[in-house]
Amino acid sequence: MKFKIFSLAIDSQKQEWLEIWKAWSDGEIYAHPDFIKLSANSEDEVFAFYADIPNGGVLFPIIKRSISSEPWCNEIKSNYDVITPYGYGGAFYWGRGDDFRDEFWKKYSIWCQDNNIVSTLMRLSLFKNQILTPIGEVTSPYGNIVRSLTMKEDELWYDYKHAVRKNVKRAVNSGLKIEIDASGKKLNDFLEIYHSTMDRVEAKGQYYFSTDYFKEIIEKLPKNFVFFHVLYKEKIISTELVLVSSKNIYSFLGGTISEYNNMRPNNFLKHEIIKWGIENGKSNFVLGGGYKKDDGIFKYKQAMAPNGEHPFYLAKVIHDEDMYEALVKKKLKWKEKHVKDADVQDDFFPKYRA
């Protein structure tokens with residue numbers, strides 16, 4: 001097994017990473033170097049670990065974050081932790097990756113020790129055949145919904161719950177139309193609806209993205225996104241940004257003008273995305289999950305694919321137990337002094353960032 005480490009900051013290494021990604025038949029956007037960069041802050045470092053194995057490869061993009069720069073941590077020596085990007089990560093593999101599992105993770109663990117990495121959090125792909133079996137504690141806090149696109153459109157129609165079919169018909173009868181925007185020419189319309197929706201539902205900060213974030217997607221990932229807009233009398237009333245990989249498409253971000261909800265634009269929008277996915281030879285449409293286990297958002301998505309629930313797995317690795325515990329204690333002490341009525345998040349990892 002040939003093992004390499006690519007730094008996004010070095011142009012020649014980024015290019016080698018990109019060439020490997022292009023040669024991978026699954027071509028998941030969540031392993032594309034420019035997408036990983038979008039999930040990183042300016043002070044973070046982005047790397048990809050690559051193993052060249054017989055008839056395949058292992059590609060593990062990560063973001064290295066400073067812990068010592070946190071306001072509660074200024075007395076502890078330079079330490080870091082690792083996360084995978086927002087969404088679904090790896091290590092991705094193709095070929096016979098699991099035959100090299102132990103060797104790959106041993107090399108990664110050595111790198112973590114050499115670089116003062118305290119912990120690693122991996123948000124894993126929903127497709128098991130893509131994932132090198134991870135190390136650490138693996139948990140599944142909730143499910144995600146995946147709509148298979150491998151059946152004919154009329155068969156898929158009757159795989160929806162009755163309420164979905166009824167809502168799509170109502171949308172059509174209300175005169176709603178779909179507009180497919182693969183260039184991002186109506187980004188401003190999208191942003192207005194997206195931001196107002198986030199405000200209305202009081203979404204957590206992690207779901208707010210800047211205008212520059214979307215402009216970067218449009219500029220750097222031109223073949224890996226499509227905007228879908230629902231029109232009523234030429235006005236956009238619902239919109240969604242879909243991320244596009246070689247085989248799979250992903251519901252990413254969007255919103256709806258609430259006063260038009262009675263026309264059922266949301267089910268219509270998802271149905272049109274599914275039709276586009278089938279027409280373009282995609283295998284799956286990942287709708288995602290809810291804010292909490294089995295909440296209303298999850299059930300809404302499940303209605304589009306009643307048998308499509310996939311467990312969403314997290315892999316949690318502690319590389320330095322002593323430092324991890326020291327950081328947890330220091331953060332708790334700081335919160336007692338600086339944060340009133342702080343929420344307790346027992347399941348958050350790493351705990352020192354809760």
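Note that this is a predicted model, so its numbers are computed, not measured.
A salt bridge (Lys or Arg N to Asp or Glu O under 4.0 Å) with Asp81 holds for exactly one of Lys64, Arg353, Lys351; it is Arg353. For the pairing with Thr256, the side chain to side chain donor-acceptor pair (under 3.5 Å) check across Asn266, Asn261, Thr197 returns one residue only, Asn266.
Ring geometry for Tyr194 versus Phe190: interplanar angle under 30°, hence parallel rather than tilted (30 to 60°). The aromatic rings of Trp17 and Phe6 sit parallel, their planes meeting at an angle under 30°, below the 60° perpendicular limit.
More than 12 heavy atoms of other residues, nucleotides or ligands sit less than 6.0 Å from atom NZ of Lys220. Heavy-atom contacts from other residues, nucleotides or ligands closer than 6.0 Å to CG of Asp11 number 12 or fewer.
The closest side-chain donor-acceptor pair between Ser251 and Glu240 falls under 3.5 angstrom. When only modelled atom types and interatomic distance are considered, Glu28 and Tyr250 share a side-chain donor-acceptor pair under 3.5 Å.
Look at Glu155 and Lys152 and you find no salt bridge, because none of the NZ, NE, NH1 or NH2 atoms lies under 4.0 Å from a carboxylate O. Between Asp189 and Lys235, none of the side-chain N atoms (NZ, or NE/NH1/NH2) sits under 4.0 Å from a carboxylate O, so this pair counts as no salt bridge.
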Which is it for Asp26 and Lys247 under the salt bridge (charged side-chain N to carboxylate O under 4.0 Å, His left out) test, yes or no, and what are the steps along the way?
-> CA-CA 6 Å; Asp26 281 8; Lys247 297 179 180 178; 3.0 Å; yes
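If you chain together hydrophobic residues whose side chains sit under 4.5 Å apart, Ile36 and Ile217 fall into the same group.
Counting heavy atoms from C-beta on, the side chains of His229 and Lys186 come closer than 4.5 Å.
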